[in-house]
Student: 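One structure follows; several queries about it will come next.
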Protein chains: 2
Amino acid sequence: MVSIKDVAAEAGVSVATVSRVLNSHPSVSPDARARVLAAVETLGYRPNAVARSLRTDQTRTLGLVISDVLNPYFTELARSVEEAARALGYSVIIGNADERPDLQDHHVRTLLDRRIDGLLVSPTDGGSPLMLEAARAGTPMVFVDRWIAGVDVPVVRADGREAVRDLVRHLHGLGHRRLAIIAGPAATTTGSERVEAFREALREHGLPLPEELIGQGDFQAASGRRVTEAFLALPEPPDVVFAADNLMALGALDAIRARGLRVPQDIGLAAFDDIPWFVHTDPPITAIAQPTGELGRAAVRALVDRIEGRPPESVTLPARLVVRRSCGEQSPENSPA
Amino acid sequence: MVSIKDVAAEAGVSVATVSRVLNSHPSVSPDARARVLAAVETLGYRPNAVARSLRTDQTRTLGLVISDVLNPYFTELARSVEEAARALGYSVIIGNADERPDLQDHHVRTLLDRRIDGLLVSPTDGGSPLMLEAARAGTPMVFVDRWIAGVDVPVVRADGREAVRDLVRHLHGLGHRRLAIIAGPAATTTGSERVEAFREALREHGLPLPEELIGQGDFQAASGRRVTEAFLALPEPPDVVFAADNLMALGALDAIRARGLRVPQDIGLAAFDDIPWFVHTDPPITAIAQPTGELGRAAVRALVDRIEGRPPESVTLPARLVVRRSCGEQSPENSPA
DNA sequence: ATCCTCCGTGTAATCGATTCCACGAGAGGT
DNA sequence: ACCTCTCGTGGAATCGATTACACGGAGGAT
C-alpha cells in the first residue's frame, strides 16, 4: 500500500508538506501543491484513515446500535441516519442488537473500542452498566426512539400519545369497546409508554383496560402471534387488537388468520409504526406513523452537535394516525356528520 | 482515555508485558499476568482498536456494500452476513448504495480508506473502475447476489433458473399464456439473468416473450408501478406480471390496485425474492425464495477464507418456488391428477 | 564449577499519519 | 545596509498499540 512517504518521495518534498496539501493548510506554495497533487494522482494514493484517526483522535464515524434491523422501522431509521451522517462527513457503523441485551453490549463495546466519535442508541433494555458507564465517561451519545431514564443523554423520539388518542377515538367511533394491546417489553420506554398512552386514552372514553387485555410481547412477530392466540382464546375476546410495533402486528395477523377469522369483520387490528407493506396487506392496516426520516436526521444533528462541542438538543416529534381498513369501515351512522 | 502505558504503570511492568498478556503470548509469568489483569480491571482498560490496526495492518472488519437496505432481501442478507462474521470474530460495516453507482463508489472508497480486511459487494452496475482496480490490487473481495463478469473474484449467489422454470410451468398449468416481466437494470447480473431464465422457460412451453411484455425497471417500487401501468394500458394486457424483485412487485400491486383490478382474477402477479410480508398481502404472493441466510454465511466464509490465505470458493445455491394465490387458484381440471 | 539454554522481561523500532517548532530566504521598513 | 516579519518548508515528536532483539538469571548438563 502506498503511504504518505512514497508521495513525499515522488513529489520531492517532506511528508509534512504532503500532509499540509492534503489538509488544505494555507502555507504551501502553489508549486509544491501541484507536485504533491500530481504525485498523489500517479501513485493512486489514499490516506490511511486508521493512521489518521490514531493521530487526530477522531474517526469521523458514528455508531448506531438498533434493536432489530429486520424491523422495517429501524431499517428506515438506519438509512436516514446514514444519509444525514454522510452529508456531514461522517460514516456510520450499524450494530444490530436483535433485541438481545448481550448483543447490544457486544456492539457498544466494539464500537467504543473502535473509538467512534459518537454513539446513537435505541436501547433494548433498561440500560446495561456498560452503556451507562460510557455515557458517564463522556462518550458523546444520543438516544433515539427509546431511551433510558436518569441518564443525562439527549433523546430524539416521536411522541405517540396524541396519535394513540386519535386511534382510540377512531375505534370508539367505530363502535369498538373491548380493546386489547400487545405491549413491548416493559424495560423499553416505547414498550411501557405505548401501553400508558393507550390506557389513558381509553380512560378518556370511560373504557377499562383489564389485565387480560394487555399481552406481553417483545417486539418480535412470534410474540405477537402468541399473545393474539391467548386473546382469541379468551371467553370474551377483544374487538380490536393494537400491536405496539409492526412486527407484532404481523404475528397477530398470522394468529387471526390461523383461527380462520377475518379482519376487520371478526376482529380489528391496528399497529404502532407504519410501513409501506401495510398498504398491501389484507386488509390494509391502520397504523400510527412516526416521522422516521426526520427522527434520524434530528438524531444525527444532535449527536454531531454534541461531538463538535455545541449544546445538543433533545427532540420530540409527533406521530400521526393513518386510518386504513383493518378496524372496520366507516358506516353511515357513525361517520362524522 | 486509559492507554496501555497506564496499565503498565499500574501493574509495575512494561507495555510489552501488558501487550503479551492481552494477546495471550506464552512467555509471561503467572505473577505478571495476574498483576496486569488486575490493573486492566481496576482501570477499566480497553485496547484501542485503531492503534492495534495500524500496527498489525488488519482491522478484523469486513465491508458490505449492498444495493438497497430498504429491500428486505438485502436487509436479511446483511443480517446474516453480520451474524456469520461475528461468529468468526469480524465486524461488518454496511454501505448502502441505494442502487446508485456514485454512492456505491463512495462506500467502496471509504471502506478501503478504513483498511477493511475484505469487501463483500453486490454491485449496482457493471463495475466501476474503482472496484475493478481494488480487486486487481489484491483487496480480498467476494461478490454476493450480483456479480461482475471478467473479474477474478469469487461469487456467492442463488441460481433461480430452475425456480423460474417451475414458476412458468405453474403459470402455464393455470392457463396463463401472456406472461410479462418487469426486469431489473440490464447492467446488473440479476437484472439480465432473470429475464433470460424467464425467456428460456417460456420457450420451453412454446410461448413468446415479445418486447412489449418486457418492462425495464430498476429494482425500486416506483419503477414497478410505472412498468405495470404501461402493461395495463396495452391493447392486450398480460395475464400475469412477474416482477424481478420484491419492491417492484409492491409497485406492481399498487398500479393494479389503482386501476381497480383484482389479483389474481383480473391479472396474476409473481415476484423474485420471497419476504415475510408476501404471506400477508392481498392476495398472498407467489414468489421465488432465495436461501438468503445460507447465502450470507457462504459469502462470509468465502471472504474470510480469502483473507486468511485459504482458497475461496464460489458458491451457487438453488432458489425455489413458493406458490401462493396471486396467480390464480388451482382449479379441478388443471390440478395434478 | 562452568557453560549453555531457556524463560521472562524491558527497550526501542515501527505502523502512517498530524503538527509543533525551528530555520532559511525574501520582502519591507527605517 | 540592517533588522524584522512572514512564509514555505523540513525534522522530529506523537498517537497506542505490537514485536524484534537484547539481556539477566535460573536451571540443567557435563
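Here the structure is a predicted model, which means the values were calculated and not measured. Chain identifiers are assigned alphabetically (A, B, ...) following the order of the sequence lines, protein sequences preceding nucleic acid strands; residue numbering begins at 1 within each chain.
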Student: When you measure from the side chain of B:Asn96 to the backbone N and O of B:Val69, does any donor-acceptor pair fall under 3.5 Å?
Tutor: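 Yes: the side chain of B:Asn96 pairs with the backbone of B:Val69.
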Student: Decide, yes or no, whether a salt bridge links A:Arg136 with A:Glu133 under the criterion of side-chain N to carboxylate O below 4.0 Å.
Tutor: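 Counted as a salt bridge, because a side-chain N and a carboxylate O are separated by less than 4.0 Å.
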Student: Rounding to a whole Å, what distance do you find between B:Arg115:CZ and C:dA17:P?
Tutor: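 Nearest whole value for this atom pair: 7 Å.
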Student: Could you tell me the separation between the CG atom of A:Asp6 and the P atom of C:dC15, rounded to a whole number of Å?
Tutor: 11 Å
Student: State whether a side-chain donor-acceptor pair under 3.5 Å links B:Ser67 with B:Arg146.
Tutor: yes
Student: Regarding A:Arg114 and B:Thr61, is there a side-chain donor-to-acceptor distance under 3.5 Å anywhere?
Tutor: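 Short answer, yes.
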Student: In whole angstroms, how far is the C1' atom of C:dA13 from the NZ atom of A:Lys5?
Tutor: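 It works out to 11 Å between those atoms.
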Student: Could you tell me whether a side-chain N or O of B:Asp117 sits under 3.5 Å from a main-chain N or O of B:Leu62, the two making a donor and an acceptor?
Tutor: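 Side chain of B:Asp117 to backbone of B:Leu62: no pair is present.
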Student: Look for any protein N or O under 3.5 Å of an N or O in nucleotides 9-11 of chain D and output each such pair with its distance, or none.
Tutor:
residue	atom	partner	partner atom	Å
D:dT9	OP1	A:Ser29	OG	2.7
D:dT9	OP2	A:Ser29	N	2.7
D:dT9	OP2	A:Ser29	OG	3.1
D:dG10	OP2	A:Ser14	N	2.9
D:dG10	OP2	A:Ser14	OG	3.1
D:dG10	OP2	A:Thr17	OG1	2.6
D:dG10	N7	A:Arg20	NH2	2.7
D:dG10	O6	A:Arg20	NH1	3.3

Student: Does this structure show an ion pair linking A:Asp102 with A:Arg100, if we count only N-O contacts that are shorter than 4.0 Å?
Tutor: yes
Student: Can you tell me the distance, in whole Å, between the CD1 atom of B:Ile4 and the P atom of D:dC15?
Tutor: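 Between P of D:dC15 and CD1 of B:Ile4: 14 Å.
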Student: Using a heavy-atom cut-off of 4.0 Å across all strands, would you classify B:Ser19 as base, sugar-phosphate, or nothing?
Tutor: base
Student: With the threshold set at under 4.0 Å for non-hydrogen atoms, list the residues of residues 41-63 of chain A touching DNA chain D in residue-number order.
Tutor: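 Heavy-atom contacts with DNA chain D come from A:Leu54, A:Arg55.
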Student: Evaluate the side-chain proximity of A:Arg86 to B:Leu103: yes if any heavy-atom separation is below 4.5 Å, no if none is.
Tutor: yes
Student: Closer than 4.0 angstrom, basic N to acidic O: yes or no for B:Arg297 and B:Glu294?
Tutor: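 Looking at B:Arg297 and B:Glu294, the cut-off is met.
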Student: Between A:Arg52 and B:Asp113 (salt bridge meaning N to carboxylate O under 4.0 Å), is one present in this structure?
Tutor: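 Looking at A:Arg52 and B:Asp113, the cut-off is not met.
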Student: Please report how far the helix from C:dA1-D:dT30 to C:dT30-D:dA1 bends, comparing the axis fitted to its first five pairs with the axis fitted to its last five, to the nearest 10 degrees.
Tutor: 50°
Student: Inspect the contact between A:Asp31 and A:Arg35 and indicate whether a charged nitrogen and a carboxylate oxygen are less than 4.0 angstrom apart.
Tutor: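 Salt bridge present between A:Arg35 and A:Asp31.
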Student: Treating A:Ser19 as the side-chain partner and A:Val15 as the backbone partner, does any N or O pair qualify as donor plus acceptor under 3.5 Å?
Tutor: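 Side chain of A:Ser19 to backbone of A:Val15, a donor-acceptor pair under 3.5 Å: no, none is there.
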